[in-house]
Amino acid sequence: MKSVYIHIPFCDNICSYCDFSKIFTNHNITDNYLNLLEKEINENYKHEKVNTIYIGGGTPSSLKLNELEHLFKIVKKFNITKNLEFTIECNPENTSIDKIKLFKKYGVNRVSIGVQSFNDNILKLLERKHNKTNVFNLINNLKNNGISNINIDLIFGIKDQTLKDIENDLNYFCELDIPHLSYYSLILEENTKLYINKYIEEEDDIIASQYDFICKKLKEFNYIHYEISNFAKKDFYSIHNLTYWNNNEYYGFGLSSHGYINGYRYENTKSITKYLKGKFLINKYKLSKKEAMENELILGLRKLNGIDKLNFKKKFKKDIEEIFNISDLINTKQLNEKYGRIYINEENFFISNEILVNLLLNERSVEDDRSI
Ligand SMILES: C[S@@+](CC[C@H](N)C(=O)[O-])C[C@H]1O[C@@H](n2cnc3c(N)ncnc32)[C@H](O)[C@@H]1O
Ligand code: SF4
């Protein structure tokens, strides 16, 4: 069983904080891009069963109706399971009812919306082109057309944002009555307008207290904090993203995509010129057993329920304790163990990077062959 990520790099507008792979929407090249995407899929996809498809960006909803239809016809190639999770990322300002009807026609059953904030001043700072009315309308339109498995992305840790702003955002989220929220802390990335304009980062202890507030509030609203940045109602976890955190294999197609197939990690070019010439791949390497085990740890400990010890043993033919110094970290309460699972307590999620560093620094040596 495999997952599939497809990258649509076009954006109608470039936001001040974003360093993802994107270019301005240019309808002279979109169909050409989709033709090359189809070529890449034909050359690489081995017809395995697929249980999740995620079309991300960039802004997939910046495609016109006929371009979206072109994309969905390509997606039909995948040998899908009966209960496929099929997600598309949308922006509030360019997702019309006609586009939603097309999503429905081609089996999209989950939509992820980039909202970032409900506050006009913050939206202006982030250079977003929508307002909260657009978000409310889009969610109504999705629900009215039978798509209720909806995520929104929000951002906290912005210097201009107060705790009251965050509380307001959470109240608006609650009002929307949707099952999933991805809540990211702002990362000030080089090559973004915010960074170039020397925007000041929020202090760590303030970000930590905002995170704490968000976690508590969402718990009151009955959302499960199932991954460091993700909250969901029961049965609405993102199955696609769980593929990544469970260190399972997936295809990545499109500009700058990454994939993990048959023990190999690979990375596509970030250059649209090269991509349109059919030069898709820039890097591909077989993971050593050591790298694969480290990935299992780094990704798995992002989840509230962490890593299943038996599953680790089944995958790597080694006990996790043979490789990583788990017991020391359990003794110092950085890690927990219950029902055969190793995990980080929710209260320690905010310092999970430090915990991982402690684990990896004390890693025991393992023969580093290139086969898993
Ligand atoms: C690559 S964007 C694509 C989604 C869509 N185009 C949009 O604008 O919402 C995915 C999500 O990553 C998050 N993101 C992007 N840049 C970020 C940054 N510098 N810091 C924190 N979150 C960021 C945003 O919440 C965004 O919705
Ligand atoms: S946040 Fe979304 S819309 Fe804004 S530039 Fe990045 S990918 Fe494009």
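Order of appearance sets the numbers: ligands from 1, and atoms from 1 within every ligand. Computation of the quantities below employed the complete heavy-atom set of this structure, encompassing side-chain atoms and omitting hydrogens, waters and symmetry-equivalent molecules.
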Among all protein heavy atoms, pick the one closest to [atom] and tell me residue, atom and distance.
atom                    : value
atom 13 (C) of ligand 1 : Tyr184 CD1, 3.8 Å
atom 25 (O) of ligand 1 : Gln116 OE1, 2.7 Å
atom 11 (C) of ligand 1 : Asp153 OD2, 3.3 Å
atom 6 (N) of ligand 1  : Gly58 O, 2.7 Å
atom 9 (O) of ligand 1  : Gly114 CA, 2.9 Å
atom 3 (C) of ligand 1  : Glu89 OE1, 3.3 Å
atom 2 (Fe) of ligand 2 : Arg128 NH1, 3.9 Å
atom 1 (S) of ligand 2  : Tyr17 OH, 3.2 Å
atom 8 (Fe) of ligand 2 : Cys11 SG, 2.3 Å
atom 6 (Fe) of ligand 2 : Cys18 SG, 2.3 Å
atom 7 (C) of ligand 1  : Asn91 OD1, 3.2 Å
atom 15 (C) of ligand 1 : Phe20 CE1, 3.5 Å

Problem set entry | ring-ring contact (aromatic ring centres under 6.0 Å, His included) partner of Tyr251, the single match among Phe280, Tyr45, Tyr5 |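 Exactly one pass, corresponding to Tyr45.
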Problem set entry | Among Tyr226, Trp245, Tyr223, ring-ring contact (aromatic ring centres under 6.0 Å, His included) partner for Tyr237 |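 Of the listed residues Tyr226, Trp245, Tyr223, the ring-ring contact (aromatic ring centres under 6.0 Å, His included) partner of Tyr237 is Tyr226.
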Exercise. Are Lys216 and Asp212 within salt-bridge range, i.e. N to O under 4.0 Å?
Worked result: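 Counted as a salt bridge, because a side-chain N and a carboxylate O are separated by less than 4.0 Å.
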Can you sort out which atoms of ligand 1 are near [X], meaning under 4.0 Å from one of its heavy atoms?
X      : result
Ile187 : 18 (C), 19 (N), 20 (N), 21 (C)
Leu186 : 20 (N), 21 (C)
Thr59  : 6 (N)
Gly57  : 1 (C), 3 (C)
Ser185 : 20 (N), 21 (C)

Would a distance-only check, ignoring hydrogens and angles, find a side-chain to backbone donor-acceptor pair under 3.5 Å from [X] to [Y]?
X      : Y      : result
His27  : Ile29  : no
Asn171 : Asn168 : no
Ser16  : Leu125 : yes
Ser229 : Ser182 : no

For this session: Determine whether any heavy atom of Arg128 lies closer than 4.0 Å to an atom of ligand 1.
Result: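 Yes, Arg128 has heavy atoms under 4.0 Å from ligand 1.
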Answer side chain, backbone, both or neither: which part of [X] comes under 4.0 Å from ligand 1, heavy atoms only.
X      : result
Lys22  : neither
Ile155 : side chain
Leu188 : neither
Tyr17  : both

Exercise. To the nearest 0.5 Å, what is the distance between CZ (Arg128) and CD (Glu93)?
Worked result: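 Nearest 0.5 Å value for the CZ-CD distance: 6.0 Å.
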Exercise. Taking atom types as modelled, is there a side-chain donor on Tyr106 or Glu69 under 3.5 Å from an acceptor on the other?
Worked result: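 Tyr106 vs Glu69: donor-acceptor pair found between side chains.
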Exercise. side-chain contact (heavy atoms from CB on, under 4.5 Å) between Tyr244 and Ser3: does it pass, once the steps are laid out?
Worked result: CA-CA 9 Å; Tyr244 303 146; Ser3 286; 6.0 Å; no
For this session: Can you sort out which atoms of ligand 2 are near Thr59, meaning under 4.0 Å from one of its heavy atoms?
Result: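 Contacts of ligand 2 toward Thr59, numbered from 1: 3 (S), 8 (Fe).
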Exercise. Under 6.0 Å between ring centres, would you say that holds for His225 and Phe349?
Worked result: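 Ring centroids of His225 and Phe349 are less than 6.0 Å from each other.
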For this session: Test the Lys286-Tyr264 pair against the cation-pi criterion, namely NZ or CZ under 6.0 angstrom from the six-membered ring centroid and within 45° of the ring axis.
Result: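 Judged by the rule, Lys286 and Tyr264 form a cation-pi pair.
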Problem set entry | Quiz item: cation-pi between Lys22 and Phe10, 6.0 Å / 45° |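 So Lys22 doesn't make the cation-pi contact.
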For this session: Answer yes or no for Gly58: is there a heavy-atom contact with ligand 2 below 4.0 Å?
Result: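 Yes, that is the case, since the closest heavy atom of the residue is under 4.0 Å from the ligand.
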Exercise. Do Leu304 and Ile330 share a hydrophobic cluster (ILVMFWY, side-chain heavy atoms under 4.5 Å, transitive)?
Worked result: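 Yes.
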Exercise. Hey, is Asn91 touching ligand 2 through its side chain, its backbone, both or neither, going by heavy atoms under 4.0 Å?
Worked result: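 Looking at Asn91 and ligand 2, just side chain atoms fall under 4.0 Å.
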Exercise. Taking atom NZ of Lys143 as the centre, does the number of heavy atoms from other residues, nucleotides or ligands within less than 6.0 Å exceed 12?
Worked result: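 Enclosed.
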Exercise. So, Cys15 and atom 8 (Fe) of ligand 2: N/O/S under 2.8 Å, yes or no?
Worked result: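 Short answer: no, not a single N, O or S atom is under the cut-off.
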